[in-house]
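Inspection log for the structure reproduced underneath, given as structure tokens.
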Amino acid sequence: MDIRKVKKLIELLEESGIAEIEIREGEESVRISRAHAPTVAHPVHVATVAASAPQTAPAAPTAAPAAAAPARKANEYVVTAPMVGTFYAAPSPGAKPFVDIGDEVKVGQVLCIIEAMKMMNQIESDKAGRITSVMAQNGEPVEFGQPLYTIE
Amino acid sequence: MTTLAQQIFRRLGDGEFASGQALAAEFGVTRSAIWKAVHVLADAGVPVEAVSNRGYRVSGVAPLDGAGILARLPADARERITRCEVAWSLPSTNAALLAAREPPAGEAHVLLAEQQTAGRGRRGRQWVAPLGGAVCLSIAWTFPELPRDLAALSLVVGVCALRAFPACGVTGLALKWPNDLVAGGRKLGGILIEMRAESAGPVAVVIGIGVNVALGAQARAQVAAAGNAAIDVAELGGAVDRNGLAAGLIGEIVTALPGFAAQGLAPFAAEWRNADALRGLPVSVTRDAAVEIGIARGIDAAGALLVETPAGLRRFVAGEVSVRAQR
């Protein structure tokens with residue numbers, strides 16, 4: 001799992017009221033929990049991070065649906081990937097991203113595109129609000145259920 | 001594009017000569033207006049012949065005919081199509097269907113256009129199609145629930161498109177992963193599937209197909225300038241019958257969709273593998289900025305491209321594949 005993603009998850013956890021979050025992507029999973037005493041730095045337990053699992057295995061079944069229980073504040077909404085594919089933040093290479101942190105979005109507004117085998121899936125926001133984080137990198141593969149954006 | 005040009009295109013589509021004078025009388029305009037409209041068509045790539053004392057004619061480019069296309073479909077496909085329209089000029093048939101309300105599950109909406117002014121390919125690429133020289137069509141379809149193998153739809157549509165060509169006298173085509181129609185390394189047609197899928201509930205897809213039928217010099221130059229090699233049905237010795245080809249494509253796809261939802265790629269995989277244009281060739285796979293190279297090794301059961309790279313066998317679900325020059 002990308003270290004930047006882990007960092008994002010930690011930030012997400014810190015902002016939220018919850019104590020622990022576990023995210024699984026294919027064969028990798030990471031669990032992050034916060035110490036109860038507020039004075040202690042937040043320890044990070046990385047559980048069962050399989051050694052950079054070969055995504056390359058021939059005929060590997062499409063990654064099992066990941067049960068990503070999104071951490072959220074009461075007013076925070078997590079947009080997850082509805083399919084396995086490549087994440088594109090912009091309509092074409094070099095173009096401006098569909099949305100950026102701080103943007104106000106409407107219901108039905110396109111947030112990104114996920115491509116799998118030349119099928120372009122426009123991911124629309126099913127929530128109105130302000131984008132508070134972008135958790136996927138342009139051009140990177142994403143798994144089913146992976147958090148992409150948080151909207152507040 | 002004016003309405004008069006459109007009327008004249010339809011009028012001359014029978015391949016018979018009509019004089020400027022007769023056309024002017026028929027449409028209640030001046031001969032000079034007819035002359036201008038003919039030039040609009042010629043500029044858009046329509047092969048209009050002008051012969052003194054005989055008039056104008058357009059040969060080999062019959063206008064698209066929605067009712068005629070429907071009539072040529074097998075009954076079970078025709079029954080599923082609840083809307084079939086032919087537009088004169090649209091930015092993109094895919095964009096128009098994506099913006100429209102999706103059909104109810106089990107029904108198909110079909111949209112064809114004589115001309116696409118902003119035809120689209122993958123990741124914002126342009127699809128060039130001259131007026132009357134290509135088949136540009138889109139099919140909207142709604143799966144009641146997420147098919148277990150949704151991404152493989154891309155390859156399945158490629159197989160369906162391939163099946164439509166022998167009836168038009170074109171054989172020996174291949175598929176370049178995931179679904180480009182190619183002949184001798186040159187592109188005959190492309191497929192772009194767009195959709196709005198959510199994690200749960202129905203899945204509305206729009207399947208767009210563009211096939212070069214008779215490109216003409218202008219469009220060829222445009223495609224070549226973009227660094228691509230194109231081929232058309234005419235050059236392959238096939239029948240320049242856009243209505244017949246459109247009916248074949250629509251019929252094959254609409255007939256296959258319910259089966260795909262139930263059975264996925266499996267019933268189509270052998271046909272896809274037989275038509276694999278890349279297997280064994282050195283390729284590069286580009287995803288926006290990232291490029292990887294290796295030898296193409298076919299597809300896996302989910303339809304992903306397998307490439308033997310220096311770092312081992314890699315599996316790709318997205319990207320632009322090109323064949324590298326052999327050393």
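First the proteins, then the strands, lettered A, B, ... as listed; each starts at 1.
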Checking Leu98(B) against chain A: side chain, backbone, both or neither under 4.5 Å from a heavy atom? side chain

Looking at side-chain heavy atoms only, is the closest gap between Met117(A) and Trp177(B) below 4.5 Å? yes

Say you draw a straight line from CD1 of Ile193(B) to CG of Asn121(A); how long is it, rounded to the nearest 0.5 Å? 11.5 Å

Side chain, backbone, both or neither: which part of Leu155(B) has a non-hydrogen atom closer than 4.5 Å to chain A? side chain

Among Ile299(B), Leu305(B), Ile191(B), Val206(B), single out the residue with the greatest number of heavy-atom pairs under 4.5 Å to chain A. Ile191(B)

Side chain to side chain, Lys118(A) and Glu194(B), heavy atoms closer than 4.5 Å: no

Shortest non-hydrogen contact from Ala318(B) to Thr86(A)? CB-OG1, 3.2 Å

Working to the nearest 0.5 Å, report the span between CD1 of Ile123(A) and CE of Met195(B). 7.5 Å

